[in-house]
Amino acid sequence: MTTKKITGAGGVTIPKELRAELNIPIGTVVDIDTDGEYIMIRKHIPVCHFCRGIENVKNIMGMEICKDCAKKIYIQAGAGK
Ligand SMILES: [Zn+2]
């Protein structure tokens, strides 16, 4: 275990060794959550804004959307006609 002090901005540095072990390079987007006792940090998992699915999710214009939902929107918008 490593003990760290929270900075004035509320930040905490993840030790280099841990980042290397978990392959989390500088600039990686992470998800932060809590179970009420622990703070959990993991690499961001893209989740579809519409169906909450995690398969084939891409960030399109700042919104994470899966291939199926993108296709539905494309069809409903009457695109491709
Ligand atoms: Zn979706």
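On a predicted model such as this, the values are computed, not experimentally measured, just so you know. Counting starts at 1 for both ligands and their atoms, following the listed order.
Placement of M61 and I65 within a single hydrophobic cluster is found when ILVMFWY residues are connected by side-chain heavy-atom separations under 4.5 Å, directly or transitively.
Proximity of a side-chain donor or acceptor of E64 to a complementary backbone N or O of H49 within less than 3.5 Å is not detected. Between the side chain of R42 and the backbone N or O of I32 there is no donor-acceptor pair closer than 3.5 Å.
Listed by chain and number, the protein N, O or S atoms at a distance under 2.8 Å from the Zn ion (ligand 1) are C48 SG, C51 SG, C66 SG, C69 SG.
Between D31 and K43, every side-chain heavy-atom pair lies at or beyond the 4.5 Å cut-off.
Shown here is K4, whose NZ atom has more than 12 heavy atoms of other residues, nucleotides or ligands within 6.0 Å. Applying the 6.0 Å contact sphere to CG of L18 captures more than 12 heavy atoms from other residues, nucleotides or ligands.
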